[in-house]
S.K.: 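Would you mind keeping the following structure in view while I ask a few things?
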Amino acid sequence: MSLSNSPDPAVREAVVRQDLDHVLHPIVQHKVLEAKQMVVASGEGSTIVDADGTEYLDAMAGLWCVNIGYGRTELAEIAADQMRQLSYFPHTAMNAPAAALAEKINGLMGGGYHTYFVNSGSEANEAGFKIARQYMKHEYPGEYRFKTVGRYFAYHGTTLATLDAGGMGERKAKFEPFSGDFVHVAPPYCYRCPFGLSYPSCGLACVKNMETTILGEGPETVAEVIVEPIMSGVGVAVPPDEYLPEVESLCRKYGILLHVDEVINGFGRTGKMFAHQHYGVSPDIVAIAKGISSAYLPIAATVVKNNVFDSFYGDPAENRQVAQVNTYGGHPVAAAVALRNIEILEAERLVDRAAETGAYLLDGLRGLMDLNIIGDVRGKGLLIGVELVKDRVTKEQLDAAQLAGVTDFCRDNGVIVGRGGGGRRHGTTITLCPPLVITRAECDRIVDTLGRALTALEIS
Ligand SMILES: Cc1ncc(COP(=O)(O)O)c(C=O)c1O
């Protein structure tokens, strides 16, 4: 059975039946899928096409990941060539594409980094936790520096440890209890400041909260702090400029490693190659995924600064090597595709374009602020959140069902937007994270469609 671009309702219906009878989908309720399905058959640029021929402007780049856009057939050629040459060998040995990709990543980071390859953002963060713990065992023998400090409302992945590191109670509820190795502090979510303060008079109370937590836990028990520079999970929160440098200073003060999650933020999304580069910090551990290959193939990595790498270097008898392995890490085909993806990002200046188009889209969205239902429009580059409220003064949150109505309206009108902030039931924010190739005309369409959805909601 093939899904060509010429719609055939019978073929589509057969796929739907096959799927409903056999697939267990993530996070969506199957009863909902029985009523309405999308069968995605193809994509080009920022547009995906259902097998029934319906086109959608994908303002979420899939799951925040298709940075160079859909339909880059040259990546298929790269993958096929590499498969013919060498399809796979474990990364205990070397292979050319993975070596070249690691060199490229080091250059993009500004030098001084080694890369450990994995397959997903969750694994990249998970490996980061383990590398931090192992580093502490090497550097502080006999001590127990194992905790990770994270932030409430953050998302760092779907494994037990990454879920624990994140701060979304609703996502964790079905899997509790957790280990207690991950402690949480207030996020720099200025629109709803956890301390009821305003920037700059707040004096960055959220960083003080982090220091209090580190002191309360005992700095000698903490291995690392994990932060996503621009928090996506909370509905896109851009911190004050001093936030990340101050977090870095805390880490240095207490001998704690700084672990930055660039899984969404990275590869041009926010208008720099990596979001931490907006803030002049130098993280010890960086998790990268998604945009590394624009999701053409699964690949991710944990990138470590050379001071961390050095701790893993020694005679075999010292037993300092990375104490884990994964089957597909450093996969030559995925690495070759990722490398070409990055070359495309560079050749087409997509990082600058994200900054320019992002500013244009933000402007357009701010033009909707006469709608009282919009509480806040915020973002950096092409990572944007539009927070919706019942009342702009009290900031009372919109019901999640109403928010779902907005995303449904947009989808029914051919534009896919996301929602986030505090979990599925309590989400308050429309999120936008389109391919970096999105055009201004397509941005206008997003603004127009969202404006109509919100106007309909205000009138109702
Ligand atoms: C910030 C962040 N970190 C980590 C992850 C986990 O990545 P993956 O789904 O590839 O495991 C995600 C996924 O959306 C994410 O948004």
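One-based numbering, in listed order, for ligands and for the atoms of each. Just so you know, these numbers come straight off a predicted model, no measurement behind them.
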S.K.: Enumerate the atoms of ligand 1 whose separation from the nearest heavy atom of Ile264 is less than 4.0 angstrom.
M.R.: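 Listed by number with element, the hits are 16 (O).
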S.K.: Going by an N to O cut-off under 4.0 Å, is there a salt bridge joining Arg252 and Glu248?
M.R.: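 Salt bridge: yes.
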S.K.: Could you work out, for atom 3 (N) of ligand 1, the closest of Leu163, Asp261, Ile230, Ile226 by heavy-atom distance?
M.R.: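 The residue whose heavy atom sits nearest atom 3 (N) of ligand 1 is Asp261.
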S.K.: With atoms numbered from 1 as shown, which atoms in ligand 1 lie under 4.0 angstrom from a non-hydrogen atom of Gly157?
M.R.: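 By the 4.0 Å cutoff, the relevant atoms are 4 (C), 6 (C).
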S.K.: Under the side chain to side chain donor-acceptor pair (under 3.5 Å) rule, what pairs show up with a residue in residues 231-245, not counting sequence neighbours?
M.R.: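 Found Arg151-Tyr243, Tyr199-Glu242, Glu228-Ser232.
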S.K.: Throw together a table of side-chain donor-acceptor distances under 3.5 angstrom for residues 97-114, partners on residues two or more places apart or in other chains.
M.R.:
| unit_1 | atom_1 | unit_2 | atom_2 | d |
| --- | --- | --- | --- | --- |
| Lys104 | NZ | Glu346 | OE1 | 2.8 |
| Asn106 | OD1 | Gly112 | N | 2.9 |
| Asn106 | OD1 | Tyr113 | N | 2.8 |
| Tyr113 | OH | Pro283 | O | 2.7 |
| His114 | ND1 | Asn306 | OD1 | 2.7 |

S.K.: Can you pull out the closest protein heavy atom to atom 5 (C) of ligand 1? Residue, atom name and distance to 0.1 Å, please.
M.R.: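 So the nearest neighbour among protein heavy atoms is Val263 CG1, 3.8 Å.
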S.K.: Assess Arg171 against Tyr155: is NZ or CZ under 6.0 Å from the centre of the six-membered ring, and within 45 degrees of the ring's axis?
M.R.: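 Arg171 over Tyr155 ring: yes.
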S.K.: Nearest non-hydrogen atom to atom 9 (O) of ligand 1 belongs to which of Ala124, Ser122, Gly266?
M.R.: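 Considering heavy atoms of Ala124, Ser122, Gly266, the nearest to atom 9 (O) of ligand 1 sits in Ser122.
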S.K.: Show the atoms of ligand 1 that are less than 4.0 angstrom away from any heavy atom in Ser120.
M.R.: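 Those of ligand 1 that fall under 4.0 Å from Ser120 are 10 (O), 11 (O).
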S.K.: Below a 4.0 angstrom heavy-atom separation, can you tell me which part of Glu228, side chain or backbone, both or neither, approaches ligand 1?
M.R.: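 For Glu228, the contact with ligand 1 is made by the side chain alone.
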S.K.: If you count the atoms of ligand 1 from 1 in the order shown, which ones are under 4.0 Å from a heavy atom of Lys290?
M.R.: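 Those of ligand 1 that fall under 4.0 Å from Lys290 are 12 (C), 13 (C), 14 (O).
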S.K.: Please determine if Lys395 forms a cation-pi arrangement with Tyr191, meaning its NZ or CZ atom is less than 6.0 Å from the six-membered ring centre and no more than 45° off the ring axis.
M.R.: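 Ring-cation test returns yes.
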S.K.: What is the ring orientation for Tyr328 with His331, classed by angle as parallel under 30°, tilted 30 to 60°, or perpendicular over 60°?
M.R.: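 Tilted, since the angle between the ring planes falls between 30° and 60°.
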S.K.: Could you list which atoms of ligand 1 come closer than 4.0 Å to a heavy atom of Asn125?
M.R.: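 Near Asn125, the atoms of ligand 1 are 3 (N), 4 (C).
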S.K.: Within the side chain of Arg378, is there an N or O that forms a donor-acceptor pair under 3.5 Å with the backbone of Gly235?
M.R.: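 It does hold such a pair.
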S.K.: Heavy-atom distances under 4.0 Å are what count here, so tell me which part of Tyr155 touches ligand 1: side chain, backbone, both or neither.
M.R.: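 Under 4.0 Å from ligand 1, Tyr155 contributes backbone and side-chain atoms.
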S.K.: For the atom pair CZ (Arg349) and CD (Glu356), what is the distance rounded to the nearest 0.5 Å?
M.R.: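 Between atom CZ of Arg349 and atom CD of Glu356 there are 5.0 Å.
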S.K.: Can you list the atoms of ligand 1 that are under 4.0 Å from a heavy atom of Gly121?
M.R.: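 Listed by number with element, the hits are 6 (C), 7 (O), 8 (P), 10 (O), 11 (O).
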